[in-house]
Amino acid sequence: MILHDWILSPNCYKVRLLAALTGQPLTLRAVNVHPGRDHLSDSYLALNPAGTLPILEDGDLVLGDSAAILTLLGARAGAGWSGQTPEDTARIAGWLAFAQDLSGSAGQARAIDMIGAPGSLPEAQARGRAHLRRLEQALAERALAGGTFLVGETPSIADIACFPHVMLAPDGGLSLAPYPAIRLWSRAVRALPGFIEMPGIHRLHELSPEPEMETELR
Amino acid sequence: MTDPKTDPMKDQWLPVSMSADLGPARRDTVVMGVPVTIWRASDGTARAEAEGRTLAVTEDYDHLWICLGTPALPLFDIPEARQPGRRFVPCGRVRVACSPLRAIENFLDIAHFPFVHTDILGAEPQTEVTRYKVDLRENDTEVWATKVEFYQPQASKSATGGVLTEYSYRVPAPTVSVLYKTCPPRPGERDVIAIFVQPVSETVCDVWPWMALFDDESAQADLVGFQQMIFVQDRSILENQVPALLPLDPGREIPTRADLTSVAYRRYLKAHGFTYGAELVPA
């Protein structure tokens, strides 16, 4: 599977992350999106008329939308990544749509603030804040019901779809400090075996044993 | 706050755009709080205006540089950039809500590599910054740090495996830093990696990373992506540094030996009166 990728894109990172968590190898092809705008070149528009990344090529199958790619990789991974019941699969679809809203709000704020994308930063931030509050409420209710992840007992593509834009919200001037349930969920996602980082999303350094502690134990 | 009308930074060359992005359409940008309009005239030359005045401009290293006042010096020279066979990699601008001086200071720091650029530019437990040398050159107009050695798991896009990398750092202007580092494919040469910092205000800057490499293998997109990855790992750290303005008063913070370059940079800023983006030192 070839992933046409940009290291700073949250939507590309979703795919890299899910692939890493589920052990599905990807061949990465870096695209010079900024400053090159190569994703709008004729050859890339032929591959994906929407002019966006990521693009996944798997034989004859070409997918130019991150939700579609997550759906494919999640279905292949099994083990609940795409939902164990019809109800959960539908709930996951709802979160995939919510992730698109995050992309158009917190994600847009980040693009405006960081690389000068067009648009109104205060308006994108206001929309992003509203979405973060919705997510906080949902995760807090899940936590009260004993759940860690957005849908079901195990992580699913719903978590992976929402995670990058939420974690990168501070890049667009949106603090995550007011959202304890989101922070707890972020810890759970980052603690998953096989977790990988992207610039702006850090691994759980604080969980590694300190060198002195190791010495003492020896 | 420092008055941009009197700070000597107004007489420095400051980057405002990649040359490739400059076209006939006028574009607005901000330098030291001053709105600046830039464009490329029909004769191919770059133009800049601010407050109804025509500004001095120059183009080099794939970027457009403007001067709000009267240029104190010609644009700094990077002789290595004239060597045949180098590839030039402008990486586009990244805005950071931090002092332009803090962006430079962070670029000069090695000690954070294992913690911020984990498994790329550094890794625990090899965190020690060994003794290196710092001096002022070019009539005290440049800060240099040399013989900086550090173990790096993946020193560059072309590196395969960990190497002990040797760095030299150079500050040829208050908002420019150039580093020279071991070039894995050509051991006799040094890769050149720079950041050109546009001071938008005292607490906001646009950073234009740029590289001049010997690398015939990597795709341009890979090289750009590698540098963007490194720089954006720093961004959230920079935006959370306190105080926002760079302290120049030596009593304000306690440096360690690994901070020699930073100490020299702060002294150089103070000696030249570059206080735009710095905390004012009580007289």
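In what follows, every chain begins at residue 1, and chains take the letters A, B, ... in the order their sequences are listed.
Ring centroid separation for the pair Trp95(A) and Phe149(A) does not come in under the 6.0 Å cut-off.
Of the two parts of Met229(B), the backbone and the side chain both hold a non-hydrogen atom closer than 4.5 Å to a non-hydrogen atom of chain A. Of the atoms belonging to Leu8(A), it is side-chain heavy atoms, and not backbone ones, that fall under 4.5 Å from chain B. Only the side chain of Val224(B) comes within contact range of chain A, with at least one heavy atom under 4.5 Å from a heavy atom of that chain.
Counted by atom type alone, Asp215(B) and Ser218(B) present one or more donor-acceptor pairs between their side chains at under 3.5 Å. In summary, the side chains of Arg27(B) and Thr29(B) do not present any donor paired with an acceptor at a separation below 3.5 Å, with no hydrogens or angles considered. Side chain to side chain, Gln152(B) and Tyr167(B) meet the donor-acceptor criterion of an N or O pair below 3.5 Å. Between the side chains of Gln198(B) and Arg93(B), no donor-acceptor pair of N or O atoms lies under 3.5 Å.
When the candidates Ile230(B), Val232(B), Val204(B), Asp234(B) are compared by the number of heavy-atom contacts under 4.5 Å with chain A, Val232(B) comes out ahead. Each of Gly92(B), Ala20(B), Ala97(B) has some count of heavy-atom pairs under 4.5 Å with chain A, and the biggest count is that of Gly92(B).
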